[in-house]
Each structure stands twice: as structure tokens, then as C-alpha cells.
Amino acid sequence: MNNWADGYVSDIEYLDGWYAEQMPAHLDIACLLRATEPPVEAGEPFFYCELGCGAGKSAATVAATCPHAEVWGIDFNPAHIARARRLSNKGELDNLHLEDWAFADLAGAHGAALPRFHYIALHGVWSWISLENQRHIVDFIDAHLEPGGLVYITYNALPGWNNVAPMQRVIRSLAMREDGRSDDRAARVLGIVRRMADAGAGALLTEQLSRLEEMSRKEDVAYVAHEYLNEHWQPCYQMDVAEALASARLTFAASANILDNYPDVCLTKEQRELIDGSPLDLQETVGDFFRERTFRRDIFIRGARTIPARRLESRLRSVRLTAIIPTSALSREIKVPAGAATLGEAFYGPALEQIAGGTPTLEEIFTHVDPASSTATAREAIGMLVGSKQALPVVTANPSEAARKRARRYNSAQIRLRSDQGKAYASLAGMAIGSAVTIRLVEMLVYTALADGIPAEVGPVVDDCWNQLQRGGDHLAKDGKIIEDRAETVTLLEHNVPEVLSVALPMWRRVGAI
């Protein structure tokens, strides 16, 4: 590892992804569900900063969907920032600022040049860096977070990671004695660790090891390197993270994992009683002993403002929702941390029907529900529909053509760059939702065709998709097998394109992605 990286893996880039939980619209709804005022009023300009932004996909999504925001992405790795700037330039994001600064730089002239922020996000940073860099981050937050602003922070959580710690230690220790790039070293030592596990090393969890081996086979070994080879890797108890952030006058407000804010679907009655009986500053940590989770997505606020109960239900009823999955996939049967749950027909039947093709407010949904047959509240409805990843809040109903053009420009640039990298998936930024939805290769091809002006008709779109594949040297796959024959490729396109046009395209329009 390089000295400038301070023990962090820097010879390979981190995974290029975006994370829905750190979008301002998502963070705002999580706050509302915990009766806490978001940093700004809906539609107001805001300042957003992502520390450790990687290749900038999340920061770019915020900038693309929120033209009224000024967005900064900061990462110490120049390769990440170079890639992020290319995306920003191609997508014409004039409100995205990207800098290759270390956390220590934020205490000097670099930090002094930055504004105060309403949102500061850190994904995959805190439990992978040194204590000194953690202090730099807290100092930066103290100097640059607005009163009422929030911090989104993710980290490997204890006690959930206790059982994995032996595997991390042996993978890193073996890899440090190998030559070559971090990803190559990580891949090689997985073979040694597998032999140890098969020989009876019971401390090495075979389920976790199998997952890492599968990721390595799928060319996601960069995750293994970044997760397991960092010098300062250290999972954290929530109470310790809260104590560190307290010096910047931050208090825990909510979990960005929406369902975590609903104890009834996460914990037994006895567990809830034990948590409620614990000191307030220990309750989240006590809960982690029952939830058995290994990763936390926390929201902390500087100066939390409580929304009175008499106003909260009204505020929540004004929230608009829309479906982000096909109508056929919408279901009242959902997965929750405690297992599975069935949502009541009286409310969720009409709710799912309305969000499938529109952007209704909760108030509008309630007008179609017999109050005598349902006990659902707006808070419950938002939590279950958003928490089950079937819907997202709508922040801008009916985006203007100028806003849609902005989305098309950014999405088209992003898809082309993903294709250049050989990636078979991308995310479509939606102006209506202030977030994005994930798409796969055929959808990428169809979107590009439509954005380039091809009419939404099967024949012309199939022809354009084939031409794109030819220009890019890409191939579709069926049943895990690469298809190279033109006739077979066209047949597969003719099978899939009609569904994309009839199912995905209406959703893309509804979320403001095209």
C-alpha cells in the first residue's frame, strides 16, 4: 500500500455504485418518520457534501436530480475523482464540484473554501480509516454542518461483525505477505482460507467465505480487497460512533434503513421492553444485540427539531408515493427483519393500485379506503411501502420538460460510460423522485434508443439496440451463455423489448427519468 493512503487500499478503485439511502429525499423521509424536521423545506436550495465519494455516482445522482442544490464530492484517491469528473462533464452537471483531497486537508485552506452544508454523507468510510482521520472528519463536520443539518454515516457494526473478525484478520495477514495488486492478492489468499476452513478451522464462517468466493468469481473481488485489506479496519458499536460525533453536537435521529425505525417488525415484545428499559444513549447498541446486523446506516442531526404529533400525521399525509417496480411485482407480502408480514388488504390493496400508475399523496390514497376497515396510518404506510423497496417518495410531481432533458442528458452519459467499462447495469436518475432506479443491459439499450429519438415502437427500437451492441462490441446472454449469433440476439431483443416499452417505460416517465 502507498504511504499517502494511510493504510487504505488505493492501488485499485472501489466499486462504482450509487446508494439510494444517501439521497436527500430518502434521508428527509427517514427523518419525518421519526418526527424530526429535515434539514431544509421541500424544494428549497441546499448544500450537500459526500466525504469519500469514490467514483462519484451517488453525488452525481444528487446533483443530476436536484438542480437547486450545490453538491461536493471529496475523495483522497485521484483515480476516483478523475472518473467522477468524467461523468460530471459528460452529464453536464454544473452544480457538482469534485476534489481529490485527504481528510487531513479539510482542516486547512481546502476546507476553508467550502460552504456550510445541510447534508454530509459518508458511505463506507468510518470503520475503515484511522482514528486520526475519524477526528479530521468530526472536526470538518463541526466546522461545516449547518444547524439543523444531518450526517449520514455507514459502518460495520458490532456485535454483528464479531464472528467475521477472525476471517478478516487472516485474509489481511496472508495478503500482506503476497506480491501484486490488492485484488489479485485477495483472490489468491481466499484459496488458502478455504483450505483452512475445510481442514476444520471453525472460526472461519463457511457461509461468509462462500459469499466472498462467489464475489471473486463474479469479478467483484475489489470489494474483498477494500473490505478486508485495510490496515485500520475496525467495526464499531453504535454507542461509540455516537460518542465520537457528539463533540460536533450531533445526536442520533433515525436509521436510513427504513424498517429499522419500526420496532414492531424488527423485534419481539420482550426485546423491545429490554431496549426501552435501557439508558437512552445505549438503546441502539442494545438493539444491535438482537438484530444481528453487520452494517448500520445512521442519521445524526445537529439540533434535532421535533415535529409535534398534531402536525406529523398531516405532514405525512401530504407525502406522494410512486411504485418503482413493475405492477405485477407489487405485493402485500413483504420481508421484514423479523421474517415476513402481510399488509392489510383494506388499505394496501387500494394503495398499491394507485401507486402502480400514479403519484398519489397519502391523503388521496386514504380517500379510497373505508376508515372502518383499516387501522393504517400514514407513518405505517410510508414505512411499509418504502421500506419494502416497492415505492419511493415523490419530491417533484410532473417534472418540467427542461428537468426531463437534464435527466436524459445525465442518464445517457452515464449509460455510455458504463458500457465503455463493460458494465451490464446502470442507474437511471429520476427528477420526480430525487433518486434513481437500477436497470440492466437490455433496458440500457432501450433507454439509449429512446433518448436518442427512436420512436417507442418494437421494430425501430430492436434495430437500434442491435446497432448499439455492434458498435460497442457487447453481447447479450441467455441462461448464463453469451449470445453471438445475430438472429438469436434479435430474437431475444424481440422478446424483451416489448416488456421494457410496456412496463419499464411508463415507470421511467413517472419517476422523471426520460
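These numbers come from a predicted model, not from an experiment. Heads up: numbering here begins at 1 and tracks the sequence.
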Would the number of heavy atoms belonging to other residues, nucleotides or ligands and lying under 6.0 Å from [atom1] of [X] be above 12?
X    : atom1 : answer
E363 : CD    : yes
E292 : CD    : no
E353 : CD    : no
N398 : CG    : no

Interatomic distance, [X] atom [atom1] to [Y] atom [atom2] [nearest 0.5 angstrom]:
X    : Y    : atom1 : atom2 : result
I153 : C236 : CD1   : SG    : 8.0 Å
N411 : M431 : CG    : CE    : 9.5 Å
L122 : L51  : CG    : CG    : 4.5 Å

Over-ring placement of [X] relative to [Y], 6.0 Å and 45° cut-offs:
X    : Y    : result
R116 : F47  : no
R379 : Y262 : yes
R297 : Y152 : no

At their closest point, which heavy atom of [X] faces which heavy atom of [Y], and how far apart are they?
X    : Y    : result
A323 : R510 : O-NH2, 2.6 Å
G434 : A25  : O-CB, 4.4 Å
D298 : Q238 : OD2-CG, 3.5 Å
A121 : Y48  : CB-OH, 3.5 Å

Just to verify, which of N156, D288, D260, N257 counts as forming a side-chain hydrogen bond (donor to acceptor under 3.5 Å, both in side chains) with R296?
D288
Run the salt-bridge test on [X] and [Y] with the 4.0 Å N-O cut-off and return the result as yes or no.
X    : Y    : result
E92  : K405 : no
R408 : E401 : yes
E37  : R305 : no
E99  : R85  : yes
K269 : D264 : no

Flag, side chain of [X] to backbone of [Y], donor-acceptor distance under 3.5 Å:
X    : Y    : result
T65  : T61  : yes
T367 : E364 : yes
E443 : R440 : yes
T36  : R34  : yes

Should F347 and S373 be marked as a side-chain contact (heavy atoms from CB on, under 4.5 Å) after you check the CA-CA gap, both sets of side-chain angles, and the distance that decides it?
CA-CA 8 Å; F347 177 83; S373 62; over 6 Å; no
Chi angles and distances behind the side-chain contact (heavy atoms from CB on, under 4.5 Å) call for F103, I74:
CA-CA 9 Å; F103 296 133; I74 298 169; 5.7 Å; no
F117 ring center near W72 ring center (under 6.0 Å):
yes
Let's go through T268 and R272 carefully: what are the C-alpha distance in whole Å and the side-chain angles of both, what is the deciding distance for side-chain contact (heavy atoms from CB on, under 4.5 Å) to 0.1 Å, and is it a yes or a no?
CA-CA 6 Å; T268 67; R272 296 196 300 272; 5.6 Å; no
Among T359, L362, L392, I29, which one satisfies side-chain contact (heavy atoms from CB on, under 4.5 Å) with L321?
L362
Can you classify the ring geometry of W161 versus W233 as parallel (below 30°), tilted (30 to 60°) or perpendicular (above 60°)?
perpendicular
Does one side chain, of T342 or E333, offer a donor that lies under 3.5 Å from an acceptor on the other?
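A pair is found: one side chain offers a donor N or O, the other an acceptor, under 3.5 Å apart.
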Sequence neighbours left out, cut at 3.5 Å: what donor-acceptor pairs do the side chains of residues 380-388 make with other protein atoms?
unit_1, atom_1, unit_2, atom_2, d
E380, OE2, Y348, OH, 2.5
S388, OG, M384, O, 2.6
S388, OG, L385, O, 3.3
S388, OG, Q390, NE2, 3.0

Assess whether side-chain contact (heavy atoms from CB on, under 4.5 Å) is satisfied between I514 and L428, documenting all intermediate values.
CA-CA 9 Å; I514 195 168; L428 289 185; over 6 Å; no
